[in-house]
Amino acid sequence: MKIAFVGKGGSGKTTLSSLFIRHLAATGAPVVAVDADINQHLGPALGLDEAAAAALPAMGDRLPLIKDYLRGSNPRIASAETMIKTTPPGEGSRLLRVNENNPVYDACARPVELDGGAVRLMVTGPFTDADLGVACYHSKTGAVELCLNHLVDGRDEYVVVDMTAGSDSFASGMFTRFDITFLVAEPTRKGVSVYRQYKEYARDFGVALKVVGNKVQGEDDLDFLRAEVGDDLLVTVGHSDWVRAMEKGRPPRFEFLEDTNRAALRTLQSAADATYELRDWDRYTRQTVHFHLKNAESWGNARTGADLAAQVDPGFVLREGVTADV
């Protein structure tokens, strides 16, 4: 299952995504965690110290390797240099699976040991001094989008992506790459304004969106969220001494997380698992092609010097059971 955490800056989305990743790891499920936020905080939230977090390999720096691997023997792609972030897979492409070893994971993922299990952690990499004034952050998250376009994941397998804050996710088609999106919202006008914006932008794309109310302190906060987001409110989370200790770098064992918050994480997993039966691989593939053609016309053809529409394999649908080049 592919799961995104979104929300305004400071809403607690990275903290909640890290708790959810810990919860999944504790169940023994295979998990790939991806930090796609411009502020790279997921590693520390999963317990890495500053040096270990800074040493994580940036996906954006390894984009040529990613492209070359995913291209495989696809005859519609003349070279890795003509691939862009939205290039769809086709006959001959190599695909990614959650629970496997491959050169992309070897280059970009690192294991993180957690209570009761381990996860693969991948990061886009931080915005550097060299990027200032000459690049947008989506040039880095493009590596994540390309991997998601080529990812075949099954039941009880999880890819959890901590997205960039606010509505920046809509600068690419990546917001359509998930089975469910959890929007973390505080019980404030600013908190719910991001929800309204996200819901409006995603309305025509069949995005499954649920709100996680964070920093909820009482019935008044709960009533506010219910009034503002209605049935999209899935669960709420309040104060956590465990999280406060984690943020100080001294997390207790995960089993000591408060019962109410453990129950909230189980609710998130149940909501994610329930979307499995609703999967529509045909729509997923159509949306991949839709955004690829838009990007090709807007800037991709000019940048690569190729007709990127020719990369679309009209007979190919990404789905479980599809074979890939090896």
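Here the structure is a predicted model, which is why all the values come from computation and not from measurement.
Side-chain atoms of W281 and V322, non-hydrogen and from C-beta on, never get closer than 4.5 Å to each other. Using a 4.5 Å heavy-atom threshold, the side chains of N295 and L293 count as separate. Between T285 and P88, the closest side-chain pair of non-hydrogen atoms is not below 4.5 Å. The shortest distance between side-chain heavy atoms of N149 and L151 does not fall below 4.5 Å. Counting heavy atoms from C-beta on, the side chains of T82 and I77 come closer than 4.5 Å. Looking at L42 and S17, their side chains come closer than 4.5 Å, going by heavy atoms from C-beta outward. Using a 4.5 Å cut-off on side-chain heavy atoms (C-beta onward), V212 and T236 make no contact. Using a 4.5 Å cut-off on side-chain heavy atoms (C-beta onward), L225 and V192 make contact.
In this structure, E258 contributes its side chain and W242 its backbone to a donor-acceptor pair below 3.5 Å. T188 places a side-chain N or O within 3.5 Å of a backbone atom of G191 that can act as its donor or acceptor partner. A donor-acceptor contact shorter than 3.5 Å is absent between the side chain of S298 and the backbone of K294. Within the 3.5 Å criterion, the main-chain N or O of Q217 finds a donor-acceptor partner in the side chain of D221. Panel note: side chain R62, backbone A58; a donor-acceptor pair is recorded below 3.5 Å. Looking at D115, its side chain does come within 3.5 Å of a backbone N or O of F254 through a donor-acceptor pair. Judged purely by atom type and a 3.5 angstrom limit, D49 uses its side chain to pair as donor or acceptor with the backbone of A52. For T124 (side chain) and A36 (main-chain N/O), no donor-acceptor pair under 3.5 Å exists by modelled atom type. Side-chain atoms of R110 come within 3.5 Å of backbone atoms of D106 as a donor-acceptor pair (strictly under, hydrogens ignored).
Residue-environment remark: CD (E247) exceeds the threshold of 12 foreign heavy atoms within 6.0 Å. Crowding of E255 atom CD: a count of heavy atoms from other residues, nucleotides or ligands under 6.0 Å exceeding 12. Within 6.0 Å of the CD atom in E320, the count of heavy atoms belonging to other residues, nucleotides or ligands exceeds 12.
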Would you sort out whether L222 and R226 count as a side-chain contact (heavy atoms from CB on, under 4.5 Å), showing the intermediate values? CA-CA 6 Å; L222 183 57; R226 284 173 174 162; 3.4 Å; yes

Test side-chain contact (heavy atoms from CB on, under 4.5 Å) applied to V31 and R120, step by step: CA-CA 6 Å; V31 180; R120 280 177 167 139; over 6 Å; no

Check the pair R319 / D282 against salt bridge (Lys or Arg N to Asp or Glu O under 4.0 Å), numbers first and verdict last. CA-CA 8 Å; R319 64 174 75 251; D282 292 284; 3.6 Å; yes

Give the intermediate values and the outcome of side chain to side chain donor-acceptor pair (under 3.5 Å) for residues E186 and S11. CA-CA 6 Å; E186 300 167 88; S11 64; 5.6 Å; no

Yes or no on salt bridge (Lys or Arg N to Asp or Glu O under 4.0 Å) for E81 and K67, after CA distance, side-chain angles and deciding distance? CA-CA 8 Å; E81 288 72 25; K67 290 180 176 181; over 6 Å; no

Would you please test D273 and Y158 for side chain to side chain donor-acceptor pair (under 3.5 Å) and show each step? CA-CA 10 Å; D273 289 347; Y158 300 90; 2.6 Å; yes

Check the pair R76, V312 against side-chain contact (heavy atoms from CB on, under 4.5 Å), reporting the backbone distance first and the verdict last. CA-CA 7 Å; R76 296 176 178 273; V312 176; over 6 Å; no

Could you go through the salt bridge (Lys or Arg N to Asp or Glu O under 4.0 Å) check for R196 and D232 one step at a time? CA-CA 11 Å; R196 293 197 192 96; D232 285 338; over 6 Å; no

Go through the steps to decide whether S73 and R94 satisfy the test side chain to side chain donor-acceptor pair (under 3.5 Å), and finish with yes or no. CA-CA 8 Å; S73 61; R94 290 192 181 100; over 6 Å; no

Would you please test V160 and V32 for side-chain contact (heavy atoms from CB on, under 4.5 Å) and show each step? CA-CA 6 Å; V160 181; V32 175; over 6 Å; no

Worked check of salt bridge (Lys or Arg N to Asp or Glu O under 4.0 Å) between R189 and E228: CA-CA 9 Å; R189 287 187 296 174; E228 296 294 330; over 6 Å; no

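Here the straight-line distance linking atom CG of L95 with atom OH of Y69 works out to 8.5 Å at 0.5 Å rounding. Of the inter-residue distances, the one linking T86 atom OG1 with L308 atom CG reads 7.5 Å to the nearest 0.5 angstrom. Taking CG from L148 and OG1 from T176, the interatomic distance works out to 9.5 Å, rounded to the nearest 0.5 Å. Taking CZ of F5 as the start and CG of D37 as the end, the distance is 13.5 Å to the nearest 0.5 Å. Rounded to the nearest 0.5 angstrom, L96 CG and D153 CG are separated by 10.5 Å. Within the model, atoms CG of L183 and CG of L233 stand 11.0 Å from one another, a figure rounded to the nearest 0.5 Å.
The one candidate from R71, E145, Q311 that meets the side-chain hydrogen bond (donor to acceptor under 3.5 Å, both in side chains) condition with T87 is Q311. For the side-chain contact (heavy atoms from CB on, under 4.5 Å) with V6, the lone residue among T181, D162, T164 that qualifies is T181.
Of all non-hydrogen atoms in G154 and Y276, the two that sit nearest each other are C-CE1, 4.0 Å. A45 and R22 get closest at one heavy-atom pair: O-NH2, 3.1 Å. Nearest heavy-atom pair, N74 versus S93, reported as atom, atom and distance to 0.1 Å: ND2-OG, 2.9 Å. When all heavy atoms of A245 and P252 are compared, the closest pair comes out as CB-CD, 3.9 Å. The nearest pair of heavy atoms linking H41 to D35 is N-OD2, 3.1 Å. Listed here is the closest heavy atom pair of F175 and Y201: CE1-O, 4.5 Å.
Residues W299 and M174 do not share a hydrophobic cluster, defined by chaining ILVMFWY side chains whose heavy atoms lie under 4.5 Å apart. Following chains of ILVMFWY side-chain contacts shorter than 4.5 Å, one can reach L114 starting from I3, so the two form part of one hydrophobic cluster. There is a path of hydrophobic side-chain contacts, each under 4.5 Å, that joins F316 to V152. When the side chains of ILVMFWY residues are joined at heavy-atom separations under 4.5 Å, either directly or via intervening members, I84 and L70 end up in two distinct hydrophobic clusters.
Taking the six-membered ring where the residue is Trp, F182 and F20 present perpendicular rings, their angle passing 60° and hence far from 30°. Using cut-offs of 30° and 60° on the angle between ring planes, the pair F205 and H290 is tilted.
Between the side chains of Q269 and H23, at least one donor-acceptor pair of N or O atoms lies under 3.5 Å.
A cation-pi arrangement is present between K2 and Y284, with the terminal nitrogen or guanidinium carbon under 6.0 Å from the aromatic centre and inside a 45° cone about the axis. Judged by the 6.0 Å and 45° rule, R286 forms no cation-pi pair with F291.
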